[in-house]
Peer 1: 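So that we are looking at the same thing, I have put the structure below in structure tokens.
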Amino acid sequence: MIHETTPTTQVALNMGPQHPSTHGVLRLELMLEGEVIVGCNPIIGYLHRGIEKIGEARSYPGFLPYTDRLDYLSSASNNLAYVQAVEKLIELEVPERARYLRVMLLELNRIASHLVFVATFANDLGATTAFLYGFREREPIMDMFEMWTGARLTQSWIRIGGVAGDIPEGFAEAARSFCAMLLPRLQEYDRLLTGNHIFRARTEGVGLLSRDVGINYGCSGPTLRGSGEPYDIRRAEPHEVYDRLNFDVVTDDSADCMGRYRVRIEEMRQSVRIVEQCLSQLPAGEVLARLPRVVRPPEGEAWGRVESPRGDFGCFVVSDGGPQPLRVRIRAPSFYHMGALPEMLRGWKIGDVVAILGSLDIVLGEIDR
Amino acid sequence: MGSPVTLHSRPAEIALAAWSIVKGLAVTLRNALRPSVTRDYPARRTALHPRFRGKLGHKRAEDGRPRCTACMACEKVCPTLAIREIEGDEAKGRERRVRTYVWDASRCLFCNLCVEACPFDAIELGQEYSIVGDSREQTCFDLEDLLEPAGKGESR
Ligand code: SF4
Ligand code: SF4
């Protein structure tokens, strides 16, 4: 009653850029009425490195390692989007084996990224133990990346024309035993988190994003699928060998934080399926197509599109026939999710900000570029 | 605007939350009994995989001379200009040998492009990963620092 009769002043509150729950350097300018959020203005750009501009001053293969630094939790998907655009420009045929290896690298990256999501999301909501479990499960993947590509995070392993190197001896066994280990562990998380009453109270019905609003804001990936829209680039526009692999596009109709969380948990299971299929279908042969010493695509433009762990990751490359791109443009899914955030926060209390923001699984590296 | 927040204050709710904690602790207990996955770094270090991409190194040929012929292919391909000041001696072509070579670790992306570009298989990204210094100069390495120690059996 007091609430309705007493005029309240609105208070502006800055959250971030050093807040540990903003997943990097994001600043949220929140307008509060008491504890309730009436407005939010995300302020981005703290991690801006001008990567798109750098692309105009590097050779085509030389820009590749920079794309790793966009969405650093899943560098393979960035590599692939860029490489696909360039391959479309020069009309290059990629060896079959390399296509499978790319998919495998991508899916392992997806599992690793979703594990980080589970870990940090749980941590934001106060479940520190789950944080450690997520990172523990991720470690064998990092180890496998090191074994295969020599780097844990920024692999730069997908190259124009294929992948830089074949999987080493023992990798297939390591991947199979990892897949076998992950499935029961995921069940354990289900018991620890999904069934946890406190976790559910903080996520169920919180931060609703209706399907239409999501589509209008350009959301994609698990964020949109958590609102019941079965949109997945791997199905909508199959790239590499996804059209030959069996997997389900996971959706959840609840449209809340819990729904987005459940989609990601289930997606890990699907990724395990894909990795196992890749391992068993892997054809023999070359992994890297022959390229001229200097890559000079003919004049033109091309889009590369990949389903990254965060959504529809795109890369647009314009060529003027020279050895360097005329323009490189990155479409980062997190950026669009950031746009929908104020919509999702309105009406919720300040304690829910970390839950809602965490459920979007943003990476500032790709937003700020 | 109706606040979507509900208060969880009923005794039943509290009991449910408490039960959730007990269930969670059961998982924690099971994990506490699993073998430890962490190591006491730096006392005990994990073995790195042979492909690990760390500090750049120059290889020697069988005759002990550096394999590098100062052809500049690596300098040209490096996207961050981390390789610079390559100079060779007076000899020409394949007989030429590198005299100066600077690799700046603070600029390097460890992308492997230089290694792949080298036509003489003269460089590699090695196993050393803790490259630290107080200043920019200390992260720049010249040929002396990069060349693998002389003598047989050193070549990995
Ligand atoms: S690894 Fe990449 S960034 Fe580092 S020196 Fe070689 S080409 Fe340059
Ligand atoms: S390291 Fe290899 S690519 Fe670089 S200058 Fe020497 S021979 Fe040429």
Side-chain angles (χ1 to χ4, degrees), chain A residues 3 33-36 38 54 57-59 61-66 68-69 127 129-130 132-133 136 139-140 143-152 154-157 159 164-165 168 170 188-189 191-193 195-201 205-208 288 293-294 346-349 351-352, chain B residues 1-9 12-32 34-39 46-54 73 76-82 107-117 119 124-127 129:
Chain A
H3 185 73
E33 222 165 70
E35 248 190 280
V36 180
V38 292
I54 290 175
R58 294 288 178 275
S59 69
F63 180 57
L64 185 96
Y66 287 92
D68 281 287
R69 275 88 188 157
T129 325
L132 296 173
Y133 295 167
R136 180 189 61 192
E139 200 49 39
D143 199 51
M144 274 151 55
F145 286 157
E146 190 187 304
M147 183 177 176
W148 180 7
T149 71
R152 288 159 53 91
T154 48
Q155 299 127 13
S156 318
W157 206 244
R159 295 292 156 83
E188 206 166 275
Y189 297 148
R191 271 207 300 280
L192 186 69
L193 285 175
N196 183 299
H197 191 71
I198 302 167
F199 187 77
R200 282 175 54 185
V206 175
L208 295 172
L288 194 59
R293 266 185 158 258
V294 180
R346 204 161 295 136
W348 295 94
K349 294 212 168 162
D352 297 315
Chain B
M1 190 181 311
S3 169
V5 180
T6 48
L7 290 175
H8 299 279
S9 55
E13 297 261 0
I14 293 172
L16 249 175
W19 178 236
S20 285
I21 291 175
V22 173
K23 277 205 296 192
L25 280 175
V27 177
T28 313
L29 189 69
R30 195 169 33 250
N31 276 287
R34 281 195 182 130
S36 160
V37 292
T38 49
R39 283 199 183 78
T46 21
L48 296 169
H49 291 286
R51 283 190 188 174
F52 182 80
R53 311 204 300 249
K76 259 186 229 128
V77 83
C78 178
T80 60
L81 316 180
R107 299 188 72 102
C108 182
L109 296 170
F110 301 94
C111 63
N112 216 33
L113 291 181
C114 50
V115 178
E116 285 161 35
E124 62 181 358
L125 291 175
Q127 302 268 311
Y129 53 87

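So you know, we letter chains A, B, ... as the sequences are listed, proteins then strands, and number each from 1. Every value quoted in this text rests on a predicted model; they were computed, and no experiment measured them.
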Peer 1: Hey, does A:Thr149 have a side-chain heavy atom less than 4.5 Å from the side chain of B:Phe52?
Peer 2: no
Peer 1: Only pairs of heavy atoms separated by less than 4.5 Å count here; which of A:Arg58, A:Arg200, A:Arg152, A:Met147 has the most with chain B?
Peer 2: A:Met147
Peer 1: Taking side chain as C-beta onward, heavy atoms only, is A:Ser156 less than 4.5 Å from B:Leu109?
Peer 2: no
Peer 1: Start with the C-alpha distance between A:Met144 and B:His49, add both sets of side-chain angles, then the distance that settles side chain to side chain contact (heavy atoms under 4.5 Å, CB included), and finish with yes or no.
Peer 2: CA-CA 9 Å; A:Met144 274 151 55; B:His49 291 286; over 6 Å; no
Peer 1: Sort A:Pro168 into side chain, backbone, both or neither according to what part of it lies under 4.5 angstrom from a heavy atom of chain B.
Peer 2: both
Peer 1: Let me know if A:Phe63 has heavy atoms under 4.5 Å from chain B in its side chain, its backbone, both or neither.
Peer 2: neither
Peer 1: Please round to the nearest 0.5 Å and tell me the distance separating atom CD of A:Glu146 and atom CZ of B:Arg51.
Peer 2: 12.0 Å
Peer 1: Is B:Thr80 close to A:Tyr66 at the side-chain level, that is, under 4.5 Å between some pair of heavy atoms?
Peer 2: yes
Peer 1: Please flag which part of A:Trp148 lies under 4.5 Å from any non-hydrogen atom of chain B: side chain, backbone, both or neither.
Peer 2: both
Peer 1: Got a second to check how far B:Asn112's CG is from A:Gln155's CD, nearest 0.5 Å?
Peer 2: 13.0 Å
Peer 1: Hey, does the side chain of B:Arg53 reach the backbone of A:Gly150 with a donor-acceptor pair shorter than 3.5 angstrom?
Peer 2: no
Peer 1: Examine whether an atom of B:Leu48 lies under 4.5 Å from a heavy atom of chain A, and if so say whether it belongs to the side chain, the backbone or both; otherwise answer neither.
Peer 2: both
Peer 1: Measure the CG-CG distance between B:Leu113 and A:Leu64 for me, rounded to the nearest 0.5 Å.
Peer 2: 7.0 Å
Peer 1: Quick check on A:Asp143 against chain B: is it the side chain, the backbone, both or neither that has a heavy atom closer than 4.5 Å?
Peer 2: both
